[in-house]
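First comes the structure, then the notes that go with it.
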Amino acid sequence: MYGAIIGDTTGSIYEFNNVKRTDIPLFTDRSNYTDDSVLTIAVANWLLVDPTHSLKTLENEIVEIAHNFKNPMGGYGGSFFRWLFSTKERKPYNSWGNGSAMRVSPVGWFFDTLEETERVAKISAEITHNHPEGIKGAQATAAAIFMARTNHSKEDIKKYIEEKYGYNLHRTCDEIRPTYFFNESCQETVPEAIIAFLDSTDFENAIRLGISLGGDSDTLTCITGAIAEAYYKSIPAYMIDEINKRIPDRFKEIIQGVIEKSYYKEIRGK
């Protein structure tokens with residue numbers, strides 16, 4: 001939860017101003033959460049209030065949270081915006097965009113098995129992103145978080161994601177960085193985000209590596225930060241403080257609910 005929101009917030013000022021290095025300020029006066037955090041919070045509350053994990057409740061949570069907490073760093077993608085503000089029955093629109101992966105991180109903390117994690121990740125995606133790549137991106141992200149929090153090695157995570165989801169993780173950040181550019185697809189964001197985690201030495205380093213790749217920085221580092229938090233089980237206190245200055249009290253309440261009712265308490269409920 002905090003890992004995803006930190007990744008989103010630190011990446012927010014670099015999304016349309018890419019940098020290709022790691023020696024950058026992570027928080028400035030302009031840094032703030034974006035739609036990535038808003039929708040992550042919506043998914044988290046869905047998991048808290050609906051043990052059946054229905055699509056209708058998920059729709060209600062997304063619409064309620066998104067309507068009441070405006071994205072302070074800009075707007076939503078065109079297709080999602082139309083879905084969100086539709087006056088007719090909302091239907092999925094076959095998206096393969098990275099929006100399904102950016103909001104899925106809470107799913108990685110709620111379940112006992114990898115199979116159930118992947119099943120609910122699919123539901124969280126297909127309400128809008130019902131294209132196979134959109135579903136795959138959400139499932140791969142949630143699976144990586146589940147495996148990281150259950151103490152699997154980086155090599156185990158890498159092997160599973162490559163074999164199950166077909167992503168090429170046999171690259172490094174140094175190899176990706178020179179030619180990587182802005183891309184909003186799952187297939188060109190999720191593997192790079194996972195690689196930033198795999199290459200990292202600690203949570204902050206993972207965030208810095210993710211931002212240094214460029215591309216859709218807030219979303220990429222939202223995914224990286226979520227996996228890195230689950231793996232390293234530690235975030236520098238100053239980062240938590242910076243986020244708590246920026247997010248609404250309602251977000252904090254939902255995060256506290258996740259701490260109390262999910263496996264997230266393993267690291268935040270100490």
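For T34 and D8, the side-chain atoms include at least one donor-acceptor pair closer than 3.5 Å. Between the side chains of R177 and S212, at least one donor N or O sits under 3.5 Å from an acceptor N or O. A side-chain N or O of N151 and one of K233 form a donor-acceptor pair less than 3.5 Å apart. Side chains of R246 and S37: no donor on one and acceptor on the other come within 3.5 Å. Using modelled atom types, one finds a donor on one side chain and an acceptor on the other under 3.5 Å when comparing E118 with Y165.
Of the possible polar contacts, none joining the K164 side chain to the I161 backbone as a donor-acceptor pair under 3.5 Å is found. A donor-acceptor pair is defined here as one N or O able to donate and one able to accept, closer than 3.5 Å; no such pair exists between the side chain of W46 and the backbone of L55. Judged by distance alone, the side chain of S200 and the main-chain N or O of N205 form no donor-acceptor pair under 3.5 Å. Remark: side-chain polar atoms of T10 are paired, donor with acceptor, to backbone N or O of G7 under 3.5 angstrom. Within the 3.5 Å criterion, the main-chain N or O of A193 finds a donor-acceptor partner in the side chain of T224. Proximity of a side-chain donor or acceptor of D36 to a complementary backbone N or O of C222 within less than 3.5 Å is not detected. Between the side chain of T150 and the backbone N or O of M147 there is at least one donor-acceptor pair closer than 3.5 Å. Side-chain N or O atoms of R90 include one that pairs as donor or acceptor with a backbone N or O of W83 at under 3.5 Å. Judged by distance alone, the side chain of Y180 and the main-chain N or O of E188 form a donor-acceptor pair under 3.5 Å.
In this structure, D216 and N183 have side chains that are not in contact, with every pair of non-hydrogen atoms separated by 4.5 Å or more. Proximity of W109 to L47: side-chain heavy atoms (C-beta onward) are nowhere separated by under 4.5 Å. Side-chain contact between M102 and D35: present, with at least one pair of heavy atoms (C-beta onward) separated by less than 4.5 Å. Proximity of R119 to T113: side-chain heavy atoms (C-beta onward) are nowhere separated by under 4.5 Å. Counting heavy atoms from C-beta outward, L213 and C173 have side chains that approach closer than 4.5 Å. Between F69 and I41, the closest side-chain pair of non-hydrogen atoms is not below 4.5 Å. Inter-residue side-chain proximity for S234 and F203 is flagged as unmet; no heavy-atom pair is nearer than 4.5 Å. Considering only heavy atoms from C-beta on, F110 stays 4.5 Å or farther from E116 through its side chain.
Cluster annotation: I240 is connected to I267 through the hydrophobic network of ILVMFWY side chains, with a link wherever side-chain heavy atoms come within less than 4.5 Å.
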Task: Verdict with reasoning, E64 to N68, per side-chain hydrogen bond (donor to acceptor under 3.5 Å, both in side chains) - done: CA-CA 6 Å; E64 189 271 327; N68 284 286; 3.1 Å; yes
TODO: Go through the steps to decide whether Y232 and E204 satisfy the test side-chain hydrogen bond (donor to acceptor under 3.5 Å, both in side chains), and finish with yes or no.
DONE: CA-CA 10 Å; Y232 293 114; E204 182 171 332; over 6 Å; no
Task: Pair L26-I211, side-chain contact (heavy atoms from CB on, under 4.5 Å): steps then yes or no - done: CA-CA 9 Å; L26 292 181; I211 293 171; 3.9 Å; yes
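For I24 against R208, the heavy-atom pair with the smallest separation is O-NH1, 2.7 Å. A pairwise comparison of heavy atoms in T128 and R103 identifies OG1-NH2, 2.8 Å as the closest pair. The two residues S100 and G97 make their nearest non-hydrogen contact at OG-O, 3.6 Å. The heavy-atom pair separating Y2 from N244 by the smallest distance is OH-OD1, 2.9 Å.
Checked against the 6.0 Å centroid threshold, Y93 and F80 do not count as a close aromatic pair. In this structure, H67 has its ring center closer than 6.0 angstrom to the ring center of F85.
Atom NZ of K20 has more than 12 neighbouring heavy atoms from other residues, nucleotides or ligands inside a 6.0 Å radius. Residue F81 qualifies as open at atom CZ: its count of foreign heavy atoms under 6.0 Å is 12 or below. Surrounding CH2 of W96 are at most 12 heavy atoms belonging to other residues, nucleotides or ligands under 6.0 Å away. Applying the 6.0 Å contact sphere to NZ of K159 captures no more than 12 heavy atoms from other residues, nucleotides or ligands.
The aromatic rings of H53 and F111 sit perpendicular, their planes meeting at an angle over 60°, well past the 30° parallel limit.
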